Amino acid sequence: MAEFKLKIRRFDPESGTAPYWDEHTVDLEPHRSVLEGILQARNEKDGSIGVRCSCRSAICGSCGVRVNGKPGLACHTHLDDALASAGEDGVIEVEPMGNMPIIKDLIVDMDAVHWKKIQRVTPWLIGKEPVPEREYIVSRESMIDVTQSMACIQCGACVSDCLSMEVDPLFVGPAALAKTYRFVGDPRDAAHEQRLKDLGDDKHGIYDCTHCFKCIEACPKGVAPMNQIMRLRRIAGNDFHIKDRNNGERHEAAFVKNIEKNGILHEADLLPDSYGGKFHPRAVPELISSLPIVMTALLRRKMTPAKALLHPHRAPDGVKKIYEVVEGRDQRNEFNLYISGTDADNEGTAEVAEAIEAAEPAGVAPDGSAGSSA
Amino acid sequence: MKVAYWPGCVSRGFTSELHGSMAAVAPMLDIELVELDRANCCGAGVIAEHSQELADTLNARTFALAQQEITQGADLMMNICSTCQGAQSECQQRLDASADYRAQVNETLADEGLEYQDGIINKNFLWVLVEDIGLDKLKTLVRQPLTDLRVGPFYGCYIVRPTDRLDINRAQPRDEYLGQVIETLGGTVIDYAGSHKCCGFPIITMNKAASLEQAGRHLGDAVDAEADCLVTPCPLCHLNLDLQQPMAAKQVGRELNMPVLHLPQLVGLALGISPEDLGLQHHIVKPTSVIDWSQAVVGGVGGW
Ligand code: SF4
Ligand code: SF4
Ligand code: SF4
Ligand code: SF4
Ligand code: FES
């Protein structure tokens with residue numbers, strides 16, 4: 001056994017008292033979890049500590065908290081690891097998650113924020129018509145593709161630290177958008193385009209993510225919500241050509257073209273092009289509103305007018321060739337490490353797969369057709 | 001040491017003072033910069049948003065060009081942009097993971113006679129400073145310690161997250177390096193809420209209010225923590241924090257006036273280079289609070 005000092009953030013909005021820190025020493029094996037530490041403090045020291053938990057094995061998603069400032073599952077954080085990331089005083093800090101109102105102490109109101117946003121994205125399958133008499137038949141690969149977003153346990157850790165949500169509480173957010181990909185990536189769903197159109201029309205939808213990686217870092221299940229958002233953007237822009245209200249698709253297209261033309265980024269063209277070109281009606285107010293900034297930039301000689309208007313760069317042929325080849329492919333190539341793993345991870349798995357296949361009795365192939373195995 | 005140097009795009013455009021100040025401090029730190037002038041933009045995450053393979057292939061091309069320099073004696077590839085670091089590391093992770101994928105990408109590069117071999121070392125100037133030059137050596141080079149200067153670090157998302165991809169861990173606390181450098185240069189590190197948050201730049205054209213709100217808040221937090229200035233290893237952060245600062249101030253409804261320095265500028269000041277040679281006169285927010293700290297160099301800045 002070892003002693004650990006826990007500093008717990010306490011707050012009862014109904015009490016009228018400001019939040020405060022409460023310190024307890026607990027006695028547990030170092031590999032025990034922070035959750036067990038909190039529960040020991042509650043059971044032996046102060047029964048009024050508010051904490052939510054259920055499975056204690058990182059599957060129900062109810063114990064999301066911040067430990068030493070980082071969001072995660074209390075039941076999935078070892079005390080010794082928490083101590084190692086603690087400050088110099090060796091005290092483990094436990095706080096409620098962010099971006100959601102506090103109900104009491106470590107318990108936040110998931111309904112008011114997280115679940116509302118999940119409901120916002122129609123989190124169920126809208127089956128393709130006609131509904132087959134028996135099950136929908138899909139290829140195995142297409143379902144593997146959505147397993148990453150299916151791994152979500154709705155703990156809210158990503159929501160807690162989302163930096164877009166911090167400044168724009170209306171942002172649909174990482175968990176709900178990862179959930180969206182779960183259906184947009186599902187071949188049985190009939191509403192891919194509507195779902196994306198809806199989230200492109202919403203100013204707080206897929207193009208409101210600031211690409212800060214916080215949700216990737218926060219997620220205890222490897223869902224990488226930001227990566228799912230980028231996949232939604234790829235499908236919205238490339239496959240459905242959806243023009244969103246945030247100019248996200250235009251900005252992306254302008255950037256991609258800018259590099260094709262210049263090899264390196266030519267910022268002076270990017271801004272107007274992101275709004276549809278220098279003469280596009282939407283570009284005009286935008287350019288006027290940023291005029292004072294451009295003027296000061298010119299005055300400070302950050303930019304010379306010549307540099308802003310002329311094009312000193314032309315893309316090398318190598319860059320043009322890359323665009324030709326990659327943009328010319330029939331299908332987008334996406335390499336998802338979560339699904340494929342690295343060569344080092346996969347060493348030896350080919351043999352295993354063969355062995356399994358050899359052992360399997362002949363029967364129905366994954367795509368539903370009658371097949372035979374070797 | 002000799003490095004295959006990728007300056008990035010913005011450091012040669014809107015923040016040309018960054019490229020200039022890097023060129024000014026390099027010889028004093030004994031870094032020889034071999035510029036990768038045929039290389040291309042990293043895509044800043046935006047090209048990957050359009051097509052992963054396109055971003056991966058473009059960066060494989062840059063890596064291959066850097067590897068040519070490395071075979072000719074450069075120690076590693078160096079960048080001066082958090083966003084380049086993050087976007088390039090992301091592509092590198094995919095490229096290094098699979099020989100099959102790499103082969104496909106290299107096929108596209110073959111026409112130009114280029115080939116990327118896995119395992120390139122690509123580091124931001126901040127990492128080079130701490131890991132390859134070393135803080136001890138840096139300390140001996142300081143001519144003009146930043147005594148009494150209160151500096152807030154601002155990292156930029158791409159250089160601190162995700163920690164596993166960027167090899168940030170207890171043995172290698174890359175997310176604390178800016179503080180270490182500020183201390184080594186004789187300054188005081190300011191702890192404030194925004195140091196590791198997002199500057200808002202990626203959504204400046206998509207949700208301007210939210211973008212400026214982010215920049216404005218972090219700058220305001222730094223003001224409240226009584227910082228004299230911020231320092232950043234990322235030119236894109238600099239755009240939102242300095243160039244857009246007047247708009248950010250409007251958005252959050254308070255005066256900010258927080259000078260933001262590029263990392264090589266802060267290093268350069270401590271090494272005794274004049275503010276003018278470091279391009280401080282090109283900033284939107286005049287770094288007077290930074291310059292005033294040392295009477296000796298005030299004269300050099302003039303001509304606002
Ligand atoms: S949801 Fe499942 S894992 Fe979680 S507490 Fe309930 S039974 Fe246990
Ligand atoms: S990457 Fe996007 S969704 Fe994820 S935390 Fe940042 S802003 Fe939120
Ligand atoms: S995506 Fe990850 S962090 Fe977010 S709710 Fe799901 S499991 Fe939790
Ligand atoms: S991140 Fe910016 S500076 Fe770096 S290469 Fe990309 S566009 Fe250029
Ligand atoms: S208690 Fe269920 S995830 Fe922690």
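This one's a predicted model, so the numbers in the text were calculated from it and none came from an experiment. Chain naming here is simple, since letters A, B, ... match the order of the sequence lines and numbering starts at 1 in each.
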Item checked: Residue selection (most heavy-atom pairs with chain B, distance under 4.5 Å) from A:I229, A:N238, A:I216, A:D345 -> A:N238

Notebook entry, point to check: With respect to A:I322, which candidate in B:T108, B:V105, B:D111 satisfies the side chain to side chain contact (heavy atoms under 4.5 Å, CB included) definition?
Noted result: B:T108

Next item on the list: Apply side-chain contact (heavy atoms from CB on, under 4.5 Å) to B:L58 and A:Y323, showing your working.
Entry: CA-CA 9 Å; B:L58 285 168; A:Y323 269 82; 4.2 Å; yes

Checklist line | Structural part of A:A253 lying under 4.5 Å from a heavy atom of chain B | finding: neither

Next item on the list: First locate atom CD of B:E53, then atom CZ of A:R329, and finally report the distance between them rounded to the nearest 0.5 Å.
Entry: 4.0 Å

Check: Which heavy atom in B:M206 sits nearest to a heavy atom in A:G248, and how many Å separate them?
Finding: SD-CA, 3.6 Å

Note to self: As an exercise, state the distance from CZ of A:F335 to CG of B:D100, rounded to the nearest 0.5 Å.
What the structure shows: 8.5 Å

Margin query: Less than 4.0 angstrom from a charged side-chain N to a carboxylate O is my criterion; do B:E49 and A:R233 meet it?
Written below: yes

Note to self: So which atom in A:I264 and which in B:C9 form the shortest heavy-atom distance, rounded to 0.1 Å?
What the structure shows: CB-SG, 3.6 Å

Item checked: Side chain, backbone, both or neither of B:A209 within contact of chain A (heavy atoms, under 4.5 Å) -> neither

Check: Side chain, backbone, both or neither: which part of B:R102 has an atom under 4.5 Å from a heavy atom of chain A?
Finding: neither

Checklist line | Selection from A:R332, A:M230, A:E334, A:K321 maximising heavy-atom pairs under 4.5 Å formed with chain B | finding: A:K321

Notebook entry, point to check: Run the side-chain contact (heavy atoms from CB on, under 4.5 Å) check on B:Q214 and A:L163 step by step: do they pass?
Noted result: CA-CA 8 Å; B:Q214 298 190 64; A:L163 291 180; 4.1 Å; yes

Next item on the list: Go through the atoms of B:E90 and report whether side chain, backbone, both or neither lie under 4.5 Å from a heavy atom of chain A.
Entry: side chain

Check: Rounded to the nearest 0.5 Å, what separation is found between the NZ atom of A:K320 and the CD atom of B:E112?
Finding: 11.5 Å

Notebook entry, point to check: Looking only at heavy atoms, what is the nearest atom pair of A:S164 and B:I203, with distance?
Noted result: OG-CD1, 4.2 Å

Item checked: B:N40 side chain to A:A315 backbone, donor-acceptor under 3.5 Å -> no

Notebook entry, point to check: Is it the side chain or the backbone of B:R94 that comes within 4.5 Å of chain A heavy atoms, both, or neither?
Noted result: both

Next item on the list: Against chain B, work out which of A:T210, A:V326, A:L337 has the most heavy-atom pairs shorter than 4.5 Å and name it.
Entry: A:T210

Margin query: Given heavy-atom pairs under 4.5 angstrom as the criterion, report whether the side chain, backbone, both or neither of B:L114 touches chain A.
Written below: neither

Next item on the list: Report yes if the side chains of B:H50 and A:E327 come closer than 4.5 Å at any heavy-atom pair, otherwise no.
Entry: yes

Note to self: With a sphere of 6.0 Å drawn around NZ of A:K243, does it hold more than 12 non-hydrogen atoms of other residues, nucleotides or ligands?
What the structure shows: yes

Margin query: With a 4.5 angstrom heavy-atom cut-off, is it the side chain or the backbone of A:D208 that approaches chain B, or both, or neither?
Written below: both

Note to self: Only pairs of heavy atoms separated by less than 4.5 Å count here; which of A:T342, A:N258, A:V167 has the most with chain B?
What the structure shows: A:V167

Check: For the atom pair SG (A:C212) and CZ (B:R161), what is the distance rounded to the nearest 0.5 Å?
Finding: 5.5 Å

Next item on the list: Quick one: sort the B:Y158 and A:F213 rings into parallel, tilted or perpendicular, breaks at 30° and 60°.
Entry: perpendicular

Notebook entry, point to check: What part of B:A55 lies closer than 4.5 angstrom to a heavy atom of chain A: side chain, backbone, both or neither?
Noted result: neither

Next item on the list: Walk me through it: do A:V256 and B:L54 pass the test side-chain contact (heavy atoms from CB on, under 4.5 Å)?
Entry: CA-CA 10 Å; A:V256 172; B:L54 185 58; 4.2 Å; yes

Notebook entry, point to check: Which atoms of A:F171 come close to chain B, meaning under 4.5 Å heavy atom to heavy atom: side chain ones, backbone ones, both, or neither?
Noted result: neither

Item checked: Under 4.5 Å from any heavy atom of chain B - which part of A:N333 -> both

Next item on the list: Could you tell me which portion of B:Q93 (side chain, backbone, both or neither) has an atom closer than 4.5 angstrom to a non-hydrogen atom of chain A?
Entry: both

Notebook entry, point to check: In Å and rounded to the nearest 0.5 Å, what is the CD to OG1 distance from A:E217 to B:T163?
Noted result: 3.5 Å

